[in-house]
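Each chain gets a letter, A, B and so on, in the order its sequence line appears, and its residues count up from 1. These figures come from a predicted structure and were not determined experimentally.
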Amino acid sequence: MSSNFNEFINEIKKSSSDIDVFIPSLQQKINVKPITLQQQKSIIESSVDNTLGVLFFNNTFHKIIAENASIDADKLNTIDRVVIAIALRNKITSKILIDNKEYNLPEVIAANEHIKYTIEPAKITTDKFIIHVSPPSLKYDNTVNAALLKKYNEDDFKRSTLKNLIGDLFVYEIVKFVSQIEAVESKASITLRTDNIKECVKLIESIDSNQFTDVVKYINNVRDVEKQYTQVPNTQHYIDIIPDFFVV
Amino acid sequence: MYLLTIGFQTRPDIEYSISELSFVKYKELCKSLYYEEDVNKITNILDKLLSSVVIGEEKPQNVIEKILLLLEVRALTLGSEIKLKLGEKNITLQKEYLTSLYNKPIKEIIVNVDTLKLVLTVPKTFLINKNSPAEIINTCLQEIVLNEKSINFCSLSKHEQQIVLNLLPGIPITSIITALRDSLNSMTINLNNEIHISPFNDSIINLLKAILIEPYSEVLELEYNLRRGLNMNTYDLQHTPYPECKIMINKLHKEVKEKENIPQPIGGPINHNM
């Protein structure tokens with residue numbers, strides 16, 4: 001490669017300025033490098049028109065955050081993913097079209113900094129268990145998604161498999177949020193959030209689903225908070241964080 | 001072989017050198033194209049053809065220049081008059097007419113992203129995947145300007161191009177693609193008010209194939225006549241341009257015909273040795 005080319009590459013690297021992003025779970029700003037054209041391409045390529053599409057996209061986006069954020073993705077959660085996505089998209093273009101009307105992303109970003117972050121880890125006590133729950137880190141969310149995608153890659157995608165998928169999505173979602181389970185009677189406890197997702201799934205599936213009613217309520221609450229961060233101020237419009245969000 | 005030197009309005013400061021096709025090379029071209037239906041394979045054959053006949057440093061930088069050069073190759077090999085069968089109709093076109101449709105300055109599309117300026121133009125390759133925005137951008141990107149320093153993207157190796165693309169910031173792809181598509185659609189031409197030929201899909205590939213080749217059986221018949229009538233051997237056929245072969249065989253046929261028309265003297269031919 002010529003020195004002229006190398007000089008030009010250095011110029012491109014220098015020209016790219018990091019974005020300051022306010023992270024709700026940390027209540028502080030971090031630096032995030034802007035998304036590259038190559039990463040934008042990977043997002044477009046992750047666009048899959050089936051039930052697993054969101055998982056493909058989230059895993060692709062996790063890779064981007066891991067490459068671009070100034071801190072470990074293990075320290076960020078799924079709510080933080082929303083604000084990072086909006087900040088990265090704002091760098092490409094600050095306008096968004098929803099229902100044929102144009103809105104400004106900087107207004108969404110400014111409003112998000114004032115949302116009170118109320119999500120805390122919780123202990124849910126049932127008649128049989130004490131279940132510790134918290135939003136998964138992006139890293140763990142990615143690990144669980146990858147396990148589910150691998151499972152359906154290995155199977156043929158048939159009609160019967162689709163029925164299983166819906167059940168699996170429910171179980172794997174619980175796996176994401178449960179960090180520890182203690183038995184009330186025996187006081188025995190087990191820590192989840194390991195890399196052995198199969199074992200975690202087996203454990204969750206072995207417990208009566210009625211034990212997870214309040215876990216599901218907790219999960220829905222976290223998802224509602226995530227949605228709050230996608231709301232366009234003073235409207236009832238919400239931004240969909242999907243591959244199309246980055247194709248502008 | 002004769003070398004044609006020619007320039008186009010697409011890049012007025014550049015001149016191309018095009019070599020004639022020998023009989024053997026033209027026969028190979030006909031053989032490879034005549035029965036080929038796969039447009040991707042036809043495209044590869046056309047690109048190989050350009051690599052072999054466009055000699056010198058200057059190479060075509062985009063699809064429009066490739067089309068213009070292939071039209072010149074056509075004229076050098078088979079002449080400027082082009083007879084085509086469109087459905088039931090036979091039409092005759094001149095190479096100059098087709099050239100005039102494409103031989104124009106190319107519009108650039110400029111995209112500014114922060115301090116970076118991207119200059120995009122017509123695609124470098126035939127048959128771009130219109131469903132891949134990243135591929136469209138890759139094939140249309142011509143120049144990148146940053147802080148008054150610029151780099152010609154087309155002159156980089158594939159490896160260097162990938163390095164650059166990996167570093168470029170995300171861009172408003174949809175609006176760029178829309179602008180590119182509008183620009184590309186404006187280059188669609190109408191033949192006989194019936195057929196639409198776009199330089200960026202199958203239609204141009206099929207047109208180029210139709211105008212570049214002759215029926216393979218006719219090429220073989222010509223070869224037979226050259227070998228039998230003119231005692232041309234493989235070396236001769238490798239080094240004689242195709243149009244010259246045709247001129248020579250036509251001359252031979254004319255001579256034979258003239259001899260057949262000369263009336264013979266009564267009593268047989270005159271024997272000067274008596």
Side-chain angles (χ1 to χ4, degrees), chain A residues 1-19 32-49 60-61 63-65 67-68 84-97 100 102 104-105 241-248, chain B residues 57 109-120 123-124 128-182:
Chain A
M1 286 174 216
S2 68
S3 59
N4 191 33
F5 175 76
N6 288 330
E7 268 173 43
F8 195 80
I9 292 299
N10 288 334
E11 285 289 324
I12 298 180
K13 283 178 185 169
K14 271 193 281 178
S15 74
S16 165
S17 53
D18 287 0
I19 311 166
V32 182
K33 288 193 183 59
I35 210 165
T36 63
L37 181 58
Q38 187 65 20
Q39 288 170 334
Q40 206 177 3
K41 183 185 169 197
S42 69
I43 290 174
I44 295 166
E45 286 167 356
S46 76
S47 175
V48 175
D49 197 18
T60 302
F61 200 65
K63 192 164 177 266
I64 291 169
I65 293 178
E67 286 168 359
N68 294 20
I84 294 173
I86 294 173
L88 287 174
R89 164 54 159 81
N90 180 56
K91 187 76 173 168
I92 300 174
T93 174
S94 60
K95 304 284 181 200
I96 184 167
L97 203 64
N100 291 321
E102 209 173 65
N104 290 318
L105 287 175
I241 311 291
I242 52 175
D244 279 358
F245 183 48
F246 291 94
V247 182
V248 286
Chain B
E57 278 178 19
I109 292 164
I110 312 264
V111 177
N112 291 305
V113 183
D114 279 350
T115 52
L116 205 63
K117 182 168 98 169
L118 305 178
V119 180
L120 299 115
K124 299 177 197 60
I128 50 173
N129 180 358
K130 286 193 183 147
N131 294 325
S132 170
E135 190 181 317
I136 296 175
I137 305 259
N138 186 5
T139 192
C140 294
L141 187 54
Q142 181 178 270
E143 192 188 5
I144 304 168
V145 184
L146 178 61
N147 298 331
E148 290 167 24
K149 287 190 183 141
S150 76
I151 199 152
N152 183 337
F153 190 73
C154 305
S155 67
L156 301 177
S157 67
K158 284 224 177 321
H159 177 61
E160 287 171 336
Q161 286 182 353
Q162 202 49 54
I163 292 174
V164 169
L165 287 174
N166 286 350
L167 288 172
L168 285 180
I171 51 177
I173 285 182
T174 306
S175 48
I176 294 170
I177 300 297
T178 305
L180 274 171
R181 283 200 180 124
D182 288 346

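- The residue among N166(B), V164(B), I176(B) with the most heavy atom pairs within less than 4.5 Å of chain A is N166(B).
- Qualifying ring-ring contact (aromatic ring centres under 6.0 Å, His included) partners for F246(A), counting only residues two or more places apart in sequence or in other chains: F61(A).
- The side-chain heavy atoms of N90(A) and I19(A), taken from C-beta on, include no pair separated by under 4.5 Å.
- Using a 4.5 Å cut-off between non-hydrogen atoms, the part of residues 142-151 of chain B that approaches chain A consists of I144(B), L146(B), N147(B), K149(B), S150(B), I151(B).
- Distance check: E11(A) CD to T115(B) OG1 gives 9.0 Å after rounding to the nearest 0.5 Å.
- Inter-residue side-chain proximity for N138(B) and F153(B) is flagged as met; some heavy-atom pair is nearer than 4.5 Å.
- Side-chain contact between I43(A) and I64(A): present, with at least one pair of heavy atoms (C-beta onward) separated by less than 4.5 Å.
- Proximity of a side-chain donor or acceptor of E102(A) to a complementary backbone N or O of K95(A) within less than 3.5 Å is not detected.
- Neither the backbone nor the side chain of Q39(A) comes within less than 4.5 Å of any heavy atom in chain B.
- At a 4.5 Å heavy-atom cutoff, the contact between K91(A) and chain B is made by side-chain atoms alone.
- The contact between Q38(A) and chain B is made by backbone and side chain atoms together, counting heavy-atom distances below 4.5 Å.
- Judged by distance alone, with hydrogens and angles left aside, the side-chain atoms of T139(B) form a donor-acceptor pair with the main-chain N or O of K124(B) at under 3.5 Å.
- When side chains are defined from C-beta on, R89(A) counts as touching V248(A), because their heavy atoms get closer than 4.5 Å.
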